Amino acid sequence: MKLALCNEVLHPLPFERQCALASSLGYQGLELAPFTLADDPLALDEAAARRLRDTARDHGLALSGLHWLMVKPEGLSLVDPDPGVRARSLRWLRQLIGFAAACGAPVLVHGSPRQRSPLPGQSVGDATARLADALAELAPHAEAAGVTYCLEPLSPAETPVINTVAEAAALVDRIGSPALRTMLDTSAAAQAEAEPLHTVLARFLASGHIAHVQLNDRNRRGPGQGDTALLPVLRTLRDTGYAGWMAVEPFDYVPDGPGCAAFSAGHVSGLQAALEAESP
(Lines give C-alpha, C1' and ligand atoms only; values in the text may rest on other atoms or scores of the structure.)
Protein backbone atom coordinates (compact mmCIF):
# COMPACT_ATOMS: atom_id res chain seq x y z
CA MET A 1 0.00 0.00 0.00
CA LYS A 2 1.31 3.42 -1.00
CA LEU A 3 1.88 6.04 1.71
CA ALA A 4 1.82 9.79 1.02
CA LEU A 5 2.32 12.80 3.26
CA CYS A 6 0.14 15.88 3.03
CA ASN A 7 2.69 18.54 2.17
CA GLU A 8 1.37 21.31 4.45
CA VAL A 9 2.86 19.31 7.34
CA LEU A 10 6.30 20.40 6.06
CA HIS A 11 5.29 23.93 5.07
CA PRO A 12 6.96 26.48 4.91
CA LEU A 13 9.98 24.46 3.81
CA PRO A 14 10.68 24.94 0.09
CA PHE A 15 9.04 22.28 -2.02
CA GLU A 16 12.31 20.59 -2.95
CA ARG A 17 13.19 20.21 0.74
CA GLN A 18 9.71 18.87 1.44
CA CYS A 19 10.32 16.22 -1.20
CA ALA A 20 13.78 15.33 0.12
CA LEU A 21 12.54 15.00 3.70
CA ALA A 22 9.41 13.03 2.81
CA SER A 23 11.45 10.62 0.71
CA SER A 24 14.03 10.15 3.47
CA LEU A 25 11.22 9.24 5.90
CA GLY A 26 9.90 6.49 3.63
CA TYR A 27 6.92 8.18 2.01
CA GLN A 28 6.21 7.33 -1.62
CA GLY A 29 4.19 10.44 -2.42
CA LEU A 30 3.08 13.92 -1.46
CA GLU A 31 -0.53 15.12 -1.36
CA LEU A 32 -0.57 18.82 -2.23
CA ALA A 33 -2.45 21.66 -0.56
CA PRO A 34 -2.57 24.37 -3.25
CA PHE A 35 -2.41 27.23 -0.72
CA THR A 36 1.14 26.12 0.19
CA LEU A 37 2.45 26.24 -3.37
CA ALA A 38 2.24 29.92 -4.34
CA ASP A 39 1.53 33.29 -2.76
CA ASP A 40 -1.04 33.76 -5.53
CA PRO A 41 -2.68 30.38 -6.12
CA LEU A 42 -4.20 31.63 -9.37
CA ALA A 43 -0.64 31.36 -10.75
CA LEU A 44 -0.80 27.58 -10.40
CA ASP A 45 -0.99 26.73 -14.08
CA GLU A 46 -0.15 23.51 -15.86
CA ALA A 47 3.49 24.53 -16.35
CA ALA A 48 3.83 24.93 -12.57
CA ALA A 49 2.20 21.54 -12.13
CA ARG A 50 4.73 19.87 -14.38
CA ARG A 51 7.62 21.51 -12.50
CA LEU A 52 6.28 20.20 -9.19
CA ARG A 53 5.77 16.75 -10.71
CA ASP A 54 9.35 16.67 -12.00
CA THR A 55 10.79 17.86 -8.67
CA ALA A 56 8.89 15.14 -6.85
CA ARG A 57 10.05 12.52 -9.34
CA ASP A 58 13.65 13.60 -8.86
CA HIS A 59 13.23 12.50 -5.23
CA GLY A 60 11.47 9.24 -6.05
CA LEU A 61 8.01 10.56 -5.18
CA ALA A 62 4.68 10.72 -6.95
CA LEU A 63 2.06 13.42 -6.38
CA SER A 64 -0.83 11.46 -4.93
CA GLY A 65 -3.54 14.11 -4.97
CA LEU A 66 -4.73 17.60 -4.06
CA HIS A 67 -6.65 18.60 -0.93
CA TRP A 68 -7.61 21.78 0.99
CA LEU A 69 -8.82 23.00 -2.37
CA MET A 70 -10.57 26.22 -1.36
CA VAL A 71 -8.41 27.83 1.34
CA LYS A 72 -7.23 30.38 -1.25
CA PRO A 73 -8.19 32.52 -3.08
CA GLU A 74 -10.23 34.18 -0.37
CA GLY A 75 -13.99 34.51 -0.55
CA LEU A 76 -14.88 31.23 -2.26
CA SER A 77 -18.02 29.21 -1.53
CA LEU A 78 -20.02 26.57 -3.37
CA VAL A 79 -23.17 27.26 -1.37
CA ASP A 80 -23.36 31.06 -1.51
CA PRO A 81 -26.51 32.18 -3.38
CA ASP A 82 -24.44 34.94 -5.03
CA PRO A 83 -23.90 33.79 -8.64
CA GLY A 84 -20.62 35.71 -8.84
CA VAL A 85 -19.17 33.84 -5.85
CA ARG A 86 -20.36 30.56 -7.31
CA ALA A 87 -18.82 31.32 -10.72
CA ARG A 88 -15.44 32.26 -9.22
CA SER A 89 -15.44 29.14 -7.06
CA LEU A 90 -16.26 26.80 -9.93
CA ARG A 91 -13.69 28.48 -12.18
CA TRP A 92 -11.01 27.93 -9.51
CA LEU A 93 -11.92 24.28 -9.02
CA ARG A 94 -11.87 23.66 -12.77
CA GLN A 95 -8.38 25.17 -12.77
CA LEU A 96 -7.35 22.76 -10.02
CA ILE A 97 -8.74 19.80 -11.95
CA GLY A 98 -6.47 20.71 -14.86
CA PHE A 99 -3.59 21.31 -12.45
CA ALA A 100 -4.05 17.87 -10.88
CA ALA A 101 -4.06 16.18 -14.27
CA ALA A 102 -0.90 18.03 -15.34
CA CYS A 103 1.04 17.04 -12.22
CA GLY A 104 -0.11 13.41 -12.39
CA ALA A 105 -2.23 13.56 -9.23
CA PRO A 106 -5.04 11.01 -9.59
CA VAL A 107 -7.49 12.45 -7.02
CA LEU A 108 -8.78 15.75 -5.68
CA VAL A 109 -10.17 15.64 -2.14
CA HIS A 110 -12.93 18.16 -1.56
CA GLY A 111 -13.09 18.93 2.15
CA SER A 112 -13.09 22.72 2.60
CA PRO A 113 -15.67 22.89 5.42
CA ARG A 114 -16.06 26.66 5.58
CA GLN A 115 -16.72 26.94 1.86
CA ARG A 116 -19.59 24.44 1.96
CA SER A 117 -21.16 25.41 5.28
CA PRO A 118 -24.45 27.34 5.37
CA LEU A 119 -24.28 31.10 5.48
CA PRO A 120 -26.25 32.94 8.18
CA GLY A 121 -29.94 32.28 7.59
CA GLN A 122 -29.28 29.49 5.08
CA SER A 123 -30.55 25.99 5.81
CA VAL A 124 -28.36 22.90 5.75
CA GLY A 125 -30.66 21.48 3.07
CA ASP A 126 -30.18 24.46 0.79
CA ALA A 127 -26.40 24.41 1.27
CA THR A 128 -26.29 20.68 0.54
CA ALA A 129 -28.37 21.10 -2.62
CA ARG A 130 -26.10 23.88 -3.86
CA LEU A 131 -23.03 21.75 -3.13
CA ALA A 132 -24.56 18.89 -5.11
CA ASP A 133 -25.28 21.19 -8.05
CA ALA A 134 -21.68 22.43 -8.02
CA LEU A 135 -20.25 18.90 -7.93
CA ALA A 136 -22.51 17.91 -10.80
CA GLU A 137 -21.01 20.78 -12.82
CA LEU A 138 -17.45 19.80 -11.91
CA ALA A 139 -17.78 16.06 -12.55
CA PRO A 140 -17.63 16.21 -16.38
CA HIS A 141 -14.44 18.29 -16.17
CA ALA A 142 -12.85 15.72 -13.86
CA GLU A 143 -13.92 12.91 -16.16
CA ALA A 144 -12.44 14.66 -19.21
CA ALA A 145 -9.18 15.28 -17.32
CA GLY A 146 -8.91 11.65 -16.20
CA VAL A 147 -8.93 12.42 -12.47
CA THR A 148 -11.26 11.44 -9.63
CA TYR A 149 -12.99 14.13 -7.59
CA CYS A 150 -13.70 12.93 -4.05
CA LEU A 151 -16.27 14.51 -1.75
CA GLU A 152 -14.84 14.23 1.76
CA PRO A 153 -17.21 13.57 4.69
CA LEU A 154 -16.21 15.85 7.57
CA SER A 155 -17.01 15.85 11.27
CA PRO A 156 -20.02 17.77 12.61
CA ALA A 157 -17.55 19.99 14.47
CA GLU A 158 -16.33 21.26 11.08
CA THR A 159 -19.53 21.53 9.04
CA PRO A 160 -23.12 20.28 9.11
CA VAL A 161 -22.95 19.46 5.38
CA ILE A 162 -22.07 15.79 4.58
CA ASN A 163 -20.71 14.17 7.75
CA THR A 164 -20.75 10.45 7.00
CA VAL A 165 -19.53 8.27 4.17
CA ALA A 166 -23.11 7.10 3.63
CA GLU A 167 -24.27 10.70 3.11
CA ALA A 168 -21.43 11.34 0.67
CA ALA A 169 -22.12 8.10 -1.18
CA ALA A 170 -25.78 8.97 -1.55
CA LEU A 171 -24.92 12.35 -3.05
CA VAL A 172 -22.38 10.74 -5.38
CA ASP A 173 -25.01 8.24 -6.53
CA ARG A 174 -27.51 11.01 -7.27
CA ILE A 175 -25.01 12.71 -9.58
CA GLY A 176 -23.97 9.44 -11.19
CA SER A 177 -20.58 10.38 -12.65
CA PRO A 178 -17.72 7.85 -12.73
CA ALA A 179 -15.32 10.69 -11.90
CA LEU A 180 -17.10 11.60 -8.66
CA ARG A 181 -16.54 9.40 -5.60
CA THR A 182 -15.93 9.78 -1.89
CA MET A 183 -13.14 8.91 0.58
CA LEU A 184 -12.47 8.18 4.23
CA ASP A 185 -10.53 10.43 6.59
CA THR A 186 -9.96 8.44 9.78
CA SER A 187 -10.05 11.47 12.09
CA ALA A 188 -13.33 12.82 10.73
CA ALA A 189 -14.85 9.34 10.50
CA ALA A 190 -13.88 8.51 14.08
CA GLN A 191 -15.89 11.55 15.15
CA ALA A 192 -18.87 11.16 12.82
CA GLU A 193 -19.49 7.45 12.18
CA ALA A 194 -21.58 5.27 14.48
CA GLU A 195 -19.81 2.08 13.37
CA PRO A 196 -16.12 1.11 13.60
CA LEU A 197 -13.97 2.66 10.90
CA HIS A 198 -13.02 -0.63 9.30
CA THR A 199 -16.68 -1.64 9.03
CA VAL A 200 -17.57 1.57 7.20
CA LEU A 201 -14.48 1.28 5.04
CA ALA A 202 -15.19 -2.31 4.02
CA ARG A 203 -18.79 -1.53 3.07
CA PHE A 204 -17.98 1.44 0.86
CA LEU A 205 -14.86 -0.05 -0.69
CA ALA A 206 -17.02 -3.01 -1.73
CA SER A 207 -19.63 -0.68 -3.22
CA GLY A 208 -16.95 1.21 -5.16
CA HIS A 209 -17.62 4.57 -3.52
CA ILE A 210 -14.27 5.09 -1.75
CA ALA A 211 -11.32 6.14 -3.90
CA HIS A 212 -8.91 7.58 -1.31
CA VAL A 213 -7.95 7.28 2.37
CA GLN A 214 -6.39 9.78 4.77
CA LEU A 215 -4.78 8.57 7.99
CA ASN A 216 -4.84 10.59 11.20
CA ASP A 217 -6.11 10.31 14.74
CA ARG A 218 -9.46 11.34 16.16
CA ASN A 219 -7.53 13.98 18.16
CA ARG A 220 -6.33 15.47 14.80
CA ARG A 221 -2.72 14.45 15.38
CA GLY A 222 -0.77 11.95 13.33
CA PRO A 223 -1.39 8.20 13.16
CA GLY A 224 -0.40 6.62 16.46
CA GLN A 225 -0.50 9.90 18.41
CA GLY A 226 -3.88 9.10 19.98
CA ASP A 227 -6.19 6.19 20.60
CA THR A 228 -7.72 5.70 17.13
CA ALA A 229 -7.06 2.08 16.14
CA LEU A 230 -5.70 2.04 12.59
CA LEU A 231 -4.52 -1.56 12.33
CA PRO A 232 -8.07 -2.77 11.44
CA VAL A 233 -8.24 -0.01 8.80
CA LEU A 234 -5.01 -1.13 7.16
CA ARG A 235 -6.06 -4.77 7.42
CA THR A 236 -9.29 -3.94 5.59
CA LEU A 237 -7.39 -2.09 2.88
CA ARG A 238 -5.10 -5.09 2.43
CA ASP A 239 -7.87 -7.67 2.46
CA THR A 240 -9.97 -5.78 -0.09
CA GLY A 241 -7.05 -5.28 -2.47
CA TYR A 242 -7.13 -1.48 -2.18
CA ALA A 243 -4.65 -0.06 -4.70
CA GLY A 244 -5.01 3.66 -3.98
CA TRP A 245 -3.08 5.98 -1.70
CA MET A 246 -3.05 6.34 2.07
CA ALA A 247 -2.20 9.96 2.90
CA VAL A 248 -1.01 11.03 6.35
CA GLU A 249 -2.91 14.22 7.23
CA PRO A 250 -2.43 15.50 10.79
CA PHE A 251 -3.69 18.94 11.76
CA ASP A 252 -1.96 19.28 15.13
CA TYR A 253 1.77 18.78 14.59
CA VAL A 254 3.47 17.23 17.63
CA PRO A 255 6.28 17.96 18.32
CA ASP A 256 6.45 19.88 15.02
CA GLY A 257 5.81 19.23 11.33
CA PRO A 258 8.91 17.18 10.52
CA GLY A 259 8.71 15.33 13.85
CA CYS A 260 5.05 14.47 13.29
CA ALA A 261 5.78 13.32 9.73
CA ALA A 262 8.58 11.07 10.99
CA PHE A 263 6.50 9.58 13.82
CA SER A 264 3.53 8.96 11.50
CA ALA A 265 5.65 7.21 8.88
CA GLY A 266 7.21 5.01 11.55
CA HIS A 267 3.85 4.12 13.08
CA VAL A 268 2.27 3.18 9.74
CA SER A 269 5.37 1.18 8.81
CA GLY A 270 5.02 -0.69 12.10
CA LEU A 271 1.36 -1.44 11.38
CA GLN A 272 2.28 -2.76 7.95
CA ALA A 273 4.94 -4.99 9.51
CA ALA A 274 2.34 -6.32 11.94
CA LEU A 275 0.05 -7.16 9.02
CA GLU A 276 2.83 -8.99 7.25
CA ALA A 277 3.46 -11.00 10.41
CA GLU A 278 -0.18 -12.11 10.37
CA SER A 279 0.25 -13.77 6.98
CA PRO A 280 0.83 -17.53 7.06
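Keep in mind the model is a prediction, meaning the values are calculated, not measured.
Taking CG of L52 as the start and CG of L44 as the end, the distance is 7.5 Å to the nearest 0.5 Å. Taking CD1 of I210 as the reference point, atom CZ of R203 lies at 10.0 Å (rounded to 0.5 Å). A distance of 12.5 Å separates CZ in R235 from CG in L201, rounded to the nearest 0.5 Å.
Side-chain N or O atoms of R218 include one that pairs as donor or acceptor with a backbone N or O of A190 at under 3.5 Å. A side-chain donor-acceptor contact under 3.5 Å links Q225 to the backbone of V254. Between the side chain of D252 and the main chain of N219, no donor-acceptor pair closer than 3.5 Å is present. Of the possible donor and acceptor atoms, none in the side chain of Q95 sits under 3.5 Å from a partner among the backbone N and O of R91. Proximity of a side-chain donor or acceptor of Q28 to a complementary backbone N or O of G26 within less than 3.5 Å is detected. Looking only at distances, no side-chain donor or acceptor of R50 sits under 3.5 Å from a matching main-chain atom of A102. Side-chain atoms of E31 do not come within 3.5 Å of backbone N or O of A247 as any donor-acceptor pair. When atom types are taken as modelled, the side chain of S23 and the backbone of C19 share no donor-acceptor pair closer than 3.5 angstrom.
The side-chain heavy atoms of L180 and L138, taken from C-beta on, include no pair separated by under 4.5 Å. Considering only heavy atoms from C-beta on, T228 stays 4.5 Å or farther from S187 through its side chain. You'll find the side chain of P34 reaches within 4.5 Å of the side chain of W92, heavy atoms only. Taking 4.5 Å as the limit, every side-chain heavy atom of D185 sits out of range of all side-chain heavy atoms of V109. V213 has its side chain within reach of Y242: a pair of non-hydrogen atoms, C-beta onward, lies under 4.5 Å apart. Taking the side chain as every heavy atom from C-beta outward, M1 and L275 approach each other to under 4.5 Å. Taking the side chain as every heavy atom from C-beta outward, M246 and L234 approach each other to under 4.5 Å. R86 is listed as a side-chain neighbour of D133, based on a closest heavy-atom distance under 4.5 Å.
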Extract all donor-acceptor atom pairs below 3.5 Å that involve side chains of residues 8-18 and protein atoms in other chains or at least two apart in sequence.
{"unit_1": "E8", "atom_1": "OE1", "unit_2": "H67", "atom_2": "NE2", "d": "3.0"}
{"unit_1": "E8", "atom_1": "OE2", "unit_2": "H67", "atom_2": "NE2", "d": "3.1"}
{"unit_1": "Q18", "atom_1": "OE1", "unit_2": "N7", "atom_2": "ND2", "d": "3.0"}
{"unit_1": "Q18", "atom_1": "NE2", "unit_2": "L13", "atom_2": "O", "d": "2.8"}

For a quick test of your reading: what N or O donor-acceptor pairs under 3.5 Å do the side chains of residues 143-150 make, sequence neighbours left out?
{"unit_1": "Y149", "atom_1": "OH", "unit_2": "H110", "atom_2": "ND1", "d": "2.7"}

List the atom pairs, donor and acceptor, that lie under 3.5 Å between side-chain atoms in residues 256-273 and the rest of the protein, sequence neighbours left out.
{"unit_1": "D256", "atom_1": "OD1", "unit_2": "G259", "atom_2": "N", "d": "2.7"}
{"unit_1": "S264", "atom_1": "OG", "unit_2": "C260", "atom_2": "O", "d": "2.8"}

Which side-chain N or O atoms in residues 157-168 pair as donor and acceptor under 3.5 Å with protein atoms at least two apart or in another chain?
{"unit_1": "E158", "atom_1": "OE1", "unit_2": "S155", "atom_2": "N", "d": "3.2"}
{"unit_1": "E158", "atom_1": "OE1", "unit_2": "S155", "atom_2": "OG", "d": "3.2"}
{"unit_1": "T159", "atom_1": "OG1", "unit_2": "S117", "atom_2": "OG", "d": "2.8"}
{"unit_1": "T159", "atom_1": "OG1", "unit_2": "V161", "atom_2": "N", "d": "3.2"}
{"unit_1": "N163", "atom_1": "ND2", "unit_2": "L154", "atom_2": "O", "d": "2.8"}
{"unit_1": "N163", "atom_1": "ND2", "unit_2": "T159", "atom_2": "O", "d": "2.7"}
{"unit_1": "T164", "atom_1": "OG1", "unit_2": "E167", "atom_2": "N", "d": "3.1"}
{"unit_1": "E167", "atom_1": "OE1", "unit_2": "N163", "atom_2": "N", "d": "2.6"}
{"unit_1": "E167", "atom_1": "OE1", "unit_2": "T164", "atom_2": "N", "d": "3.3"}

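A search for side-chain contact (heavy atoms from CB on, under 4.5 Å) contacts involving A20 returns H59, not counting sequence neighbours. By the salt bridge (Lys or Arg N to Asp or Glu O under 4.0 Å) test, R238 pairs with E278, sequence neighbours left out. For R174, the salt bridge (Lys or Arg N to Asp or Glu O under 4.0 Å) test picks out no residue, with sequence neighbours left out. Every residue two or more places apart in sequence or in another chain was checked for a side-chain contact (heavy atoms from CB on, under 4.5 Å) with P140, and none qualifies. For S77, the side-chain contact (heavy atoms from CB on, under 4.5 Å) partners are V79, D80, V85, L119, not counting sequence neighbours. The side-chain contact (heavy atoms from CB on, under 4.5 Å) check on A136 picks up I175, with sequence neighbours excluded. Here R130 pairs with D126 under the side-chain hydrogen bond (donor to acceptor under 3.5 Å, both in side chains) rule; sequence neighbours left out.
There is no path of hydrophobic side-chain contacts, each under 4.5 Å, that joins V107 to L171. A continuous path of ILVMFWY side-chain contacts below 4.5 Å connects L108 to L78, so both sit in one hydrophobic cluster.
Within 6.0 Å of CG in D40 there are more than 12 heavy atoms belonging to other residues, nucleotides or ligands.
The two residues D39 and K72 make their nearest non-hydrogen contact at O-NZ, 4.4 Å. In this structure, T240 and L237 approach most closely via the heavy-atom pair OG1-O, 3.3 Å. Looking at every heavy atom in both residues, F204 comes nearest to A169 through CE2-CB, 3.7 Å.
In this structure, W68 shares a hydrophobic cluster with F35, V71, F251, the cluster being traced through Ile, Leu, Val, Met, Phe, Trp and Tyr side chains under 4.5 angstrom apart.
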